[in-house]
Amino acid sequence: MALIVQKYGGTSVGTVEKIKTVAEKVKRFQANGDQVIVVVSAMSGETNRLLGLAAEVDETSPSPREMDVLVTTGEQVTIALLSMALHKIGVDARSYTGSQVRILTDHSHMKARIKRIDDERIRKDLDAGRVVVVAGFQGVDTDGNITTLGRGGSDTTAVALAAALKADECQIYTDVDGVYTTDPRVEPKARKLDRITFEEMLEMASLGSKVLQIRSVEFAGKYNVPLRVLSSFEEGEGTLITFEDTGVEQAKISGIAFSRDEAKLTIKGVPDEPGVAYKILGPIADANIEVDMIVQNISKDGTTDFTFTVHRNDYERAAAILTELTSTLGGEEIDGDDKIVKVSLVGVGMRSHAGIASTMFETLAREGINIRLISTSEIKVSVVVDEKYLELAVRSLHEAFNLAQDEVATVG
Ligand code: ASP
Ligand code: MG
């Protein structure tokens, strides 16, 4: 008998019909002798609808506490409907909101972190042969306030429950059948991966591959939760997220991630002296703007150019801060571009294979794509290129690293 945590995303519970389909699926697992905890998201579009209502009431600063009270209703609907659907087909089931389970979080509304999970009620139900249905994305703080875990947070609820109850597997059911070498909407030849390591998945998620909430991957890695991403609509093994590469010869590259939301800023001619990076990035950090890549040029005549990238939404604000800095710091001018994207090769195979970066640069050069910035880590090479080259860059790299599906032989 296995203990399985299953999470169904918004599209998987988007209609009453789909909720009934999920119930049938859950029933099959239970009939198999498994104990099942189900975590659900709100029906697709519902969280956005609720956020829209809030914006109609107060566009600028609705209370974060009340926002959480509002948006958690989405998941309260689906846990009840799914439990009813299970009853209807003869499965004993019980639903719980985050605060009923007691998924205890810190106090940060709309981006709370889980501190502890009381597993007593869940255990009792499981032992009594019930399916336990838990609302994703929500918890409660020590003062009894309802909290939420950030958009996409149901993934994290599922992983946290799996960790707390030492589940045998945490299955994330979604509208794709696994993790792909890249986004199939950009490269139709993208191939589903049977397995990917945690480190790679973390990079893919942080670089914009939206299959899993990044925090859920961090959580799973930290607590060794076996995680699998699979389709709610089709049969299949999905993608298993593993803790290490297992014997099989590791491909050099597992995937190509990209992010469209990038912008870069350069402050030119700043004095090349101790403390400059701090003087520039300090005010940026104080404004709560996250910086990704940072490049400082070799100095010429005692001055240097300093470049960094930020999320596109923060571009205007960051530019304004820099402009103000030039008066005190003595930079010459600010240069910026918010029509850039980041494309990254990800793979633990990079550790043992040389020449990945040069193949990448050669491929981009052949396509006439100018690289604006480069950064590397042990298992990743990222480049910033003009937005208009995104598709071309992804497809040519996909080809160069042989990531496509095995060619189907056609008989002429
Ligand atoms: N319903 C929430 C959202 O849309 C949480 C989730 O779906 O994971 O972000
Ligand atoms: Mg989601």
Side-chain angles (χ1 to χ4, degrees), residues 5-16 18-19 21-22 37-55 62 64-83 95-101 103 105-106 108-114 117 132-141 145-163 170-176 179 201 204-206 208-220 225 227-233 238 241 261 313:
V5 176
Q6 302 188 326
K7 180 257 173 177
Y8 294 90
T11 46
S12 311
V13 294
T15 64
V16 166
K18 286 183 179 164
I19 290 175
T21 309
V22 168
I37 300 169
V38 187
V39 173
V40 284
S41 290
M43 293 168 101
S44 55
E46 178 63 8
T47 308
N48 286 338
R49 188 185 74 86
L50 295 166
L51 292 172
L53 290 177
R65 181 186 184 279
E66 304 313 327
M67 287 297 276
D68 280 347
V69 173
L70 176 70
V71 293
T72 46
T73 59
E75 273 76 9
Q76 190 164 340
V77 170
T78 44
I79 54 169
L81 292 176
L82 178 59
S83 300
S95 71
Y96 294 103
T97 64
S99 61
Q100 285 178 311
V101 172
I103 296 180
T105 71
D106 62 17
S108 14
H109 286 291
M110 299 170 78
K111 49 175 191 300
R113 285 183 179 266
I114 297 176
I117 292 182
V132 177
V133 184
V134 178
F137 171 56
Q138 53 182 263
V140 64
D141 69 9
N145 298 301
I146 291 174
T147 55
T148 60
L149 310 177
R151 297 305 305 269
S154 300
D155 295 341
T156 301
T157 304
V159 173
L161 279 167
C170 181
Q171 304 174 339
I172 308 283
Y173 288 89
T174 176
D175 49 358
V176 293
V179 179
M201 191 62 220
M204 295 289 273
S206 65
S209 158
K210 301 217 170 54
V211 200
L212 288 173
Q213 195 200 33
I214 180 153
R215 211 179 264 181
S216 72
V217 184
E218 288 166 0
F219 216 105
V225 177
L227 194 59
R228 190 184 289 277
V229 175
L230 57 190
S231 162
S232 350
F233 309 114
I241 300 164
D261 310 314
N313 292 344

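Bear in mind the structure is a predicted one, so any value in this text is a computation, not a measurement. Whatever order the structure lists them in is the order used to number ligands and atoms, beginning at 1.
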Any idea which of Ala42, Gly153, Ser41 brings a heavy atom closest to atom 7 (O) of ligand 1?
Ser41

Contact atoms of ligand 1, heavy-atom distance to Arg151 under 4.0 Å
3 (C), 4 (O), 9 (O)

May I ask you to check whether Thr148 and Asp68 show a side-chain donor-acceptor distance below 3.5 Å?
yes

Considering distance alone, does some N or O of Phe137 sit under 3.5 Å from an N or O of ligand 1?
no

Using a strict 4.0 Å threshold on nitrogen-to-oxygen distance, state whether Arg215 and Glu218 make a salt bridge.
no

side-chain contact (heavy atoms from CB on, under 4.5 Å) partner of Val101, the single match among Val140, Val134, Thr157:
Val134

Could a heavy atom of Gly152 be found less than 4.0 Å from some atom of ligand 1?
yes

Checking Thr97 against Gln76: is there a side-chain donor and acceptor pair closer than 3.5 Å?
no

Of the backbone atoms (N, CA, C, O) and the side-chain heavy atoms from C-beta on, which set of Glu46 has a member under 4.0 Å from an atom of ligand 1: side chain, backbone, both, or neither?
neither

With heavy atoms of Glu75 as the reference, note each atom of ligand 1 found under 4.0 Å away.
1 (N), 2 (C), 5 (C)

Would you say Tyr96 and Ile79 make side-chain contact, with heavy atoms under 4.5 Å?
no

Considering the options Val5, Val39, Val225, which one meets the side-chain contact (heavy atoms from CB on, under 4.5 Å) requirement together with Val159?
Val225

Where ligand 1 meets Ser154 - atom numbers and elements under 4.0 angstrom, heavy-atom basis:
5 (C), 6 (C), 7 (O), 8 (O)

